[in-house]
2 protein chains.
Amino acid sequence: MTAPKIRSPRKPKGQGAERREEILDAALKLFSAKGLHTVSTRQIAEVVGISQPALYAYFATKDDITAELCIRAFAILVERMEAARADFVPTAECFERALKVYVDFGLQNPDAYRVAFMVEKGLDGTYKERVGDRPMMAGIGAFQRFAEIVAEMRDAGLTHDDDVQRMTQTLWAGLHGLVSLLIARADFPWVEREVLIACHISLLRRGALKNMG
Amino acid sequence: MTAPKIRSPRKPKGQGAERREEILDAALKLFSAKGLHTVSTRQIAEVVGISQPALYAYFATKDDITAELCIRAFAILVERMEAARADFVPTAECFERALKVYVDFGLQNPDAYRVAFMVEKGLDGTYKERVGDRPMMAGIGAFQRFAEIVAEMRDAGLTHDDDVQRMTQTLWAGLHGLVSLLIARADFPWVEREVLIACHISLLRRGALKNMG
DNA sequence: CACAATAATCGATCAGTGATAACTTATCAC
DNA sequence: GTGATAAGTTATCACTGATCGATTATTGTG
């Protein structure tokens, strides 16, 4: 009658890291399907095929699982930003392409994006004390790659504002707004998504770059 | 030894609505201090001076409390947007002022803003089933006032894009990005806040409006 | 092969959570 | 006074993240 718990076979002695990966995989899938706050550690453990306390051999807290997922996703974003920067030439077209890299990443990795930038961290700093600011640092890593691209545009004399930090923060905020709203409010009556993204990016470009006669 | 629970005197018979207000007040204060997910119904009840189950005489669920707070805050935003529209003339300066109304509101009501646009609602739609989309509708109400302002700018032939919905969504996303990041990532090494806001708003204005000779 | 070491894992349990049920108490109209 | 009932209580439930101590299973070594 009662659901028979299917247990994954115990890992060989040095292979604990493998289980760790399985936990992260299961967590990511569950978070994608049901949202972050509605997924329990017991649900994660059941998908993996281990007992709930077994999770704590690999992660100190539940937040550490989400933090790890976030860090990994941002490693990918950093890669993409570096790729975008590798064949970057300071033109408006190339600049827009770089902005699109960020948006595409967010929409392709909505769960990682949520963890990194949209999750309540608790204003009392509880979260930070536990997992540190490694997830945010990972995000900032991507942010810095983005700043380098903005710097190239400024060096070419194309930006409207000479302060790279300020300009990057503004652009980042502009991109984040669209990504986070499309993720969090998917049921809002948006105009067609790709059109909206294109419009948004060119608005940001017009705002950021000098108006070349 | 153990903390003596201080109980608020029972309300007279018709005065239940008064207790309801006290609950909302307590919840708002606690949410502001500790963040949404870390505040429990028991903590709210203790501040009010009643037992925890007594809350459920006034709100069906905890989410209903946050939803109510959100709706009320957005009523204020709608007021402010209407005020901004009342003495609105289609100029770049006035347009920027309207954008600033939104940003200021978000930063002055961070908790309401969080509930309305930044809280995980659960991808399975659990949240919506419970509290409905009244909080979002309240937010959309404000959005529509904003759209009216954009429409005035377009009618004056000042906007870069003729599609009001598209343009409003883009601008909204741009504003939301800044507000939400400043709220959720207060510890990020931002440049000076007021400067950043001013820069952001003028970037959006340049992107949105035609470049007048 | 036997054996100790230990990585991997489990069952039991804890305090705290949101929520419900059944009950009591104060207040009101008559 | 006497019901009716709004306002509030205590006890409890299923569930949550987390901890403890015990128990496997695997491993390199004698």
Side-chain angles (χ1 to χ4, degrees), chain A residues 2-23 26-27 30-31 34-68 119-122 124 126-127 129-131, chain B residues 2-23 26-27 30-31 34-67 119-120 122 124 126-127 129-131:
Chain A
T2 164
K5 286 184 191 172
I6 302 157
R7 286 271 136 115
S8 165
R10 173 194 279 251
K11 293 291 173 187
K13 241 185 165 174
Q15 270 21 66
E18 196 173 307
R19 176 102 320 153
R20 203 184 138 90
E21 296 302 315
E22 293 177 11
I23 294 169
L30 283 170
F31 289 160
K34 310 212 252 174
L36 280 165
H37 286 289
T38 59
V39 174
S40 70
T41 52
R42 280 164 182 84
Q43 290 170 349
I44 297 172
E46 190 185 338
V47 170
V48 177
I50 56 178
S51 71
Q52 181 251 358
L55 294 176
Y56 291 83
Y58 304 99
F59 300 94
T61 72
K62 187 190 179 187
D63 285 334
D64 282 300
I65 299 178
T66 62
E68 178 80 33
V119 161
E120 278 278 344
K121 296 287 168 59
D124 49 0
T126 324
Y127 184 93
E129 280 167 24
R130 283 205 300 267
V131 313
Chain B
T2 163
K5 286 184 191 172
I6 302 155
R7 288 270 133 117
S8 166
R10 171 194 281 253
K11 295 289 172 189
K13 240 182 166 177
Q15 273 16 68
E18 197 173 307
R19 177 95 331 145
R20 201 184 140 92
E21 296 302 315
E22 293 177 14
I23 293 170
L30 284 170
F31 288 159
K34 308 211 253 176
L36 280 166
H37 286 290
T38 61
V39 174
S40 70
T41 53
R42 279 164 182 83
Q43 290 170 347
I44 297 171
E46 191 185 337
V47 169
V48 177
I50 55 177
S51 70
Q52 179 251 358
L55 294 177
Y56 291 83
Y58 304 99
F59 300 94
T61 73
K62 187 190 181 188
D63 285 332
D64 282 301
I65 299 178
T66 62
V119 161
E120 278 278 344
D124 48 1
T126 323
Y127 184 92
E129 279 166 26
R130 283 204 299 268
V131 313

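In what follows, every chain begins at residue 1, and chains take the letters A, B, ... in the order their sequences are listed.
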Report task. For Q15(B) and for P12(A), locate the closest nucleotide of DNA chain D by heavy-atom distance; then report the residue assigned to the nucleotide nearer the 5' terminus. Result -> Q15(B)

Using whole Å, what does the distance between atom [atom2] of nucleotide [N] and atom [atom1] of [X] come to?
| X | N | atom1 | atom2 | result |
| --- | --- | --- | --- | --- |
| E18(B) | dA7(D) | CD | P | 11 Å |
| L55(A) | dA8(C) | CG | C1' | 13 Å |
| I65(B) | dT17(C) | CD1 | P | 14 Å |
| I6(B) | dG8(D) | CD1 | P | 17 Å |
| K13(A) | dA25(D) | NZ | C1' | 8 Å |
| H37(B) | dG16(C) | NE2 | P | 20 Å |
| Y56(A) | dT19(D) | OH | P | 7 Å |
| E46(B) | dG18(C) | CD | P | 13 Å |

**Report entry** Verdict with reasoning, I65(B) to T41(B), per side chain to side chain contact (heavy atoms under 4.5 Å, CB included)
**Finding:** CA-CA 10 Å; I65(B) 299 178; T41(B) 53; 5.6 Å; no

Query raised in the report: On DNA chain C, nearest-nucleotide positions of S51(A) versus G14(B): which is more 5'?
Result: S51(A)

Query raised in the report: What is the base-pairing partner of dC30(C), counting Watson-Crick and G-U wobble geometry with both distances under 3.5 Å?
Result: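 Answer to the pairing question: dG1(D), which forms a Watson-Crick or G-U pair with dC30(C).
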
**Report entry** Trace of the side chain to side chain contact (heavy atoms under 4.5 Å, CB included) decision for S8(A) with R19(A)
**Finding:** CA-CA 10 Å; S8(A) 165; R19(A) 176 102 320 153; 2.4 Å; yes

Query raised in the report: Counting any heavy atom closer than 4.0 Å, what does A57(B) reach on the DNA or RNA strands: base, sugar-phosphate only, or nothing?
Result: nothing

Query raised in the report: NA contact type, Y58(B), heavy-atom cut-off 4.0 Å: base, sugar-phosphate, or nothing?
Result: sugar-phosphate

Query raised in the report: For R19(A) and dA7(C), is the shortest distance between a side-chain N/O and OP1 or OP2 below 4.0 Å?
Result: no

Query raised in the report: For G35(A) and T38(A), which heavy atoms make the closest approach, and how far apart are they?
Result: O-OG1, 3.4 Å

Query - Exercise: identify the closest heavy-atom pair between Y58(A) and R20(A) - result: O-NH1, 2.9 Å

Query raised in the report: To the nearest 0.5 Å, how far apart are CG in L36(B) and CG in L30(B)?
Result: 11.0 Å

Report task. With rounding to the nearest 0.5 Å, note down the distance linking CZ in F31(B) to CD1 in I44(B). Result ->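 F31(B) CZ to I44(B) CD1: 4.5 Å, rounded to 0.5 Å.
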
Find out whether [X] and [Y] are in side-chain contact, i.e. whether some heavy atom of one side chain is under 4.5 Å from a heavy atom of the other.
| X | Y | result |
| --- | --- | --- |
| E46(A) | Q43(A) | no |
| K62(B) | S40(B) | no |
| E18(A) | P12(A) | no |

Anything under 3.5 Å between a protein N or O and an N or O of nucleotides 20-24 of chain D, put it in a table, one pair a line.
residue	atom	partner	partner atom	Å
dT24(D)	O2	R10(A)	NH1	3.0
dT24(D)	O2	R10(A)	NH2	2.5

Are there any protein N/O atoms within less than 3.5 Å of an N/O atom in nucleotides 1-3 of chain C, and if so, which ones and at what distance?
none

Write out a two-atom table: protein N or O, nucleotide N or O from nucleotides 12-16 of chain D, distance below 3.5 Å.
residue	atom	partner	partner atom	Å
dT16(D)	OP1	S40(A)	OG	3.4

